[in-house]
Each structure stands twice: as structure tokens, then as C-alpha cells.
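Below is one structure, written out as C-alpha cells; the observations come after it.
Throughout, a chain's letter reflects where its sequence line sits, starting with A, and its residues are numbered from 1.
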There are 2 protein chains.
Amino acid sequence: MNTLAYGLLSLLSHSSLSGYDLMLRIQPFWPAKHSQIYPLLARLERNGMVSCELVQQSDKPDKKVYSINDKGIAALQEWLTVPASDPVMRDELMLKAFCMSHVDPAVSRELFAARLEHYRNKLERLCQKIKSVRQVDELEEDQMPSYQSPYFGAYIMLNKALMSCRTNIEWCEWVLAVIPVEEASVE
Amino acid sequence: MNTLAYGLLSLLSHSSLSGYDLMLRIQPFWPAKHSQIYPLLARLERNGMVSCELVQQSDKPDKKVYSINDKGIAALQEWLTVPASDPVMRDELMLKAFCMSHVDPAVSRELFAARLEHYRNKLERLCQKIKSVRQVDELEEDQMPSYQSPYFGAYIMLNKALMSCRTNIEWCEWVLAVIPVEEASVE
DNA sequence: TTTATTTATGTATTTTTTTACATATAGAAT
DNA sequence: ATTCTATATGTAAAAAAATACATAAATAAA
């Protein structure tokens, strides 16, 4: 039972999902490819954590829908009592930023302009998603889901993503403001 | 040449460092253990990217100090022209947050209280570091390093870390404010 | 004087993650 | 008709990362 396994159980604790859906939904929090998800789901099924049901579809290929079992819920509850390990962030841009002074400012500006664009797109997607969650949970203006609501966790995470995204945009804009536009003159 | 290899070159582009120092310094941007660093440095040396010199020390064990070569600098300059890949963030707390509603609010509060403490400690370390960088680069109030300064990159990264850390603290405090203190009453 | 910690470097093994290989259905576009 | 994309599931192989195994010098603490 590694972190990804618990992550899958966590997603399944609110609704039954296919491996493909799990793969798409876990991306923002714990990036993983389908080649990691499918074998892990099979293992979780062997361990009795989840159950699987084949669902026929007419408009799309058939799928296997996984549901969490009591054993899976118990594993989650146990897992929630142990402190979360420190977050791990790996950002190539940070490594590039460190040696930026070795290239023309224009090259550096390009890197940060691309990243700014990336965060602006992300912000737009997040705003739409937060709106849809508010709609699904039938929330009024400035109201948030109750602790018991399955949307409580999703809501606080979306809020974090939103806050982080805005901070990152602010930072990129600041960086673009402090990198000289013209090639710096040599005295 | 993977990202970690470029990361090591990036750090070496401003000053010669031992494998041990590189391991400590790359942590905030690209976590890596010494078992990854040492063999990679040997490979970079074989490829002519870096050179190595044995330095005797009297107060501590001897060390191998690595310096970047022209070939290493050229590799960095080339690398800086290709867009940075998307940042990867893996946070177990996010996965736990999603299934929080399955346990008592007190259990959830504990998770976020611990994380808040983590970020507060980080903020303190960052403030000290930013102060020391300002001192080393002999900066006056509200002045920042020039683009050519080797501290420019370090400065903008420290600023990002600072901004992110504050946002995370704000978020943790908000989460602790919205998680009910008492066990929620059942109607 | 023994023990613990920090600094310092390395290898071996295991786990995790990514990339590539492989197949297949359904709809949309060309 | 063919191609492309999204959906859907799987395995094989390679790369990256973490853990464990190993050693050692120097200092500080018990």
C-alpha cells in the first residue's frame, strides 16, 4: 500500500470510478500514468480493498468500474491518522532560473512568459471547475460545503489550487517586470 | 542528461561545490538523495561537463570539489532555450483531504495543524536565507540583484518560495477555520 | 571513553515512475 | 474511405528515485 494506492482509495471513497477516470482525476494531486493505475487497481482488488464491475457502454468502449469496500474505507481511516509526508515539488523552471544569467535576458523572458501562460490557462480551468462543484453541491453565494459533504475535501483543495495559481501568476508577472527587456548594456 | 544533471550544472555554474553541498542545495528545487548525486557527478565528469579536484580539510573529512567546464556551460545555455516542462507537485495531504469526511474532524484538524507548523518553520528559514543573500550581494533596502549577478536567479526563486509559503500558511489557517472544532452533531 | 552528530563519499537493491509497446471501440473530421 | 481523437485497458522495458548497506574522519556531548 503506497501513497498512490491510498490516493485511488481516497477518490473511490466518494464515488465508483473506472481506472481511466481515476487516472484523469488524480493528476492534479499525484500525477500518475495509466500504466501505474491499472496494475495497482488489480492489486487492490486482490487485497479486497476494492471491487470491480464490468460496465457495458454503447457510445464508448466498455469499462471496469471500481468500488471501494469496507476494508478499503478502514484502510483510509487508519491512513488519515498518520501525519502526511512533506509535499514534493519538482520544477525545472527553478533550476533554469538559477543559471539564467548565462543567457540573454530575452531567452529568460521566454521561459517565464510560457510559464505565465500555463498558469493563466490553469486559473481559467480552476474557476470553471469551482463553479461546477458549487453547482453540483447546490451552494449559495459565499457558502461552502459542510464537513460531512463529499465535496468538502474537493472544495478546500480547489481553493488551494486557486490561491497557489494566483500567487504563481503574480510571481511570474513580477519576474517578467524585473528581467531587463533589452540586452543589458555592458559598461 | 536528465533534469537532475542539468540542475547540478546549474548550481555549479555559479560556484564550485562538493557532491555533499550540491545534495543539500538542490533539495528545495529538485529533491534528490546522495545516492543519486554521486554517480551522476561521476558521469558528468566522464562526459567532460565538470572537473573534479580533491580538497583536503583538517576540521572535516576531505571532499571532492566539482567545477563546471565550458562544455557544461554550453549545455546549460542550450538547455535554457527549450521550454521548461510543467512543474510536478505530489502532496499526500491533498489525497488525505479528499477523504477527510470519513473521519472525525479532530483527526483532520491534526493533519492541517501539522502542515501549518511545517510551513511556519519553512517561512522562518526562508526569511533568514533571503536576509543572508541580500547581505552577501551587498544590497540596500528594496534593491534587488542585477540580471548579471549570480544572485539574480537565487533571489527570484527565494521570492517565489516566500510567496508560496505565505499562501500555503494562509490556506492552512483558512482550512483550520472551516473544519468544525467539535464533532459535528447529527440531526 | 563511549556515543551521537555532522560531514563526506560511495554501492546495491528495491520501489516508483515514465516511456514504449499493444489492442480495441466509437465518434468526428477530412 | 481514411485519419484523427477520445475513451478504454493492459504489459514490457527503461529510467528515476528512495531505501538500505557500507565506510570513515572530525567534533561535540554524555
Contacts of type ring pair (Phe, Tyr, Trp, His ring centres under 6.0 Å), residue B/Tyr6, not counting sequence neighbours: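 B/Tyr6: ring pair (Phe, Tyr, Trp, His ring centres under 6.0 Å) contacts with B/Trp79.
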Going by atom types only, do [X] and [Y] share a side-chain donor-acceptor pair under 3.5 Å?
X	Y	result
A/Gln148	B/Ser101	no
A/Ser108	B/Tyr147	yes
B/Asn168	A/Lys160	yes
B/Tyr151	B/Arg134	no

With a 4.5 Å cut-off on side-chain heavy atoms, are A/Val65 and A/Cys52 touching? no
How about B/Arg90 and A/Pro31: do any of their side-chain heavy atoms sit closer than 4.5 Å? yes
A/Phe112 and A/Trp171 aromatic ring geometry - parallel, tilted or perpendicular at 30°/60° bounds: perpendicular
Of all residues at least two apart in sequence or in a different chain, which pass the salt bridge (Lys or Arg N to Asp or Glu O under 4.0 Å) check with A/Asp91?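 In terms of salt bridge (Lys or Arg N to Asp or Glu O under 4.0 Å), with neighbours along the sequence ignored, A/Asp91 is linked to A/Arg115.
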Sequence-distant partners of A/Glu173, salt bridge (Lys or Arg N to Asp or Glu O under 4.0 Å), two or more places apart: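 For A/Glu173, the residues satisfying salt bridge (Lys or Arg N to Asp or Glu O under 4.0 Å) (neighbours in sequence not counted) are A/Arg120.
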Starting at atom CG of B/Asn2, determine the distance to atom P of D/dA14, rounded to an integer number of angstrom.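 In whole Å, D/dA14 P and B/Asn2 CG are 17 Å from each other.
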Near-strand residues of residues 3-27 of chain A, defined as heavy-atom separation under 4.0 angstrom from DNA chain D: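 Heavy-atom contacts with DNA chain D come from A/Ser18, A/Gly19, A/Tyr20.
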Please determine whether a side-chain nitrogen or oxygen atom of B/Arg90 lies at a distance below 4.0 Å from atom OP1 or OP2 of C/dT17.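 For C/dT17, OP1 or OP2 has a side-chain N or O of B/Arg90 closer than 4.0 Å.
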Does any residue of residues 28-47 of chain B have a heavy atom under 4.0 Å from DNA chain C, and if so, which ones, in number order? B/His34, B/Ser35, B/Tyr38
With the threshold set at under 4.0 Å for non-hydrogen atoms, list the residues of residues 54-66 of chain A touching DNA chain C in residue-number order.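 By residue number: A/Ser58, A/Asp59, A/Lys60, A/Pro61.
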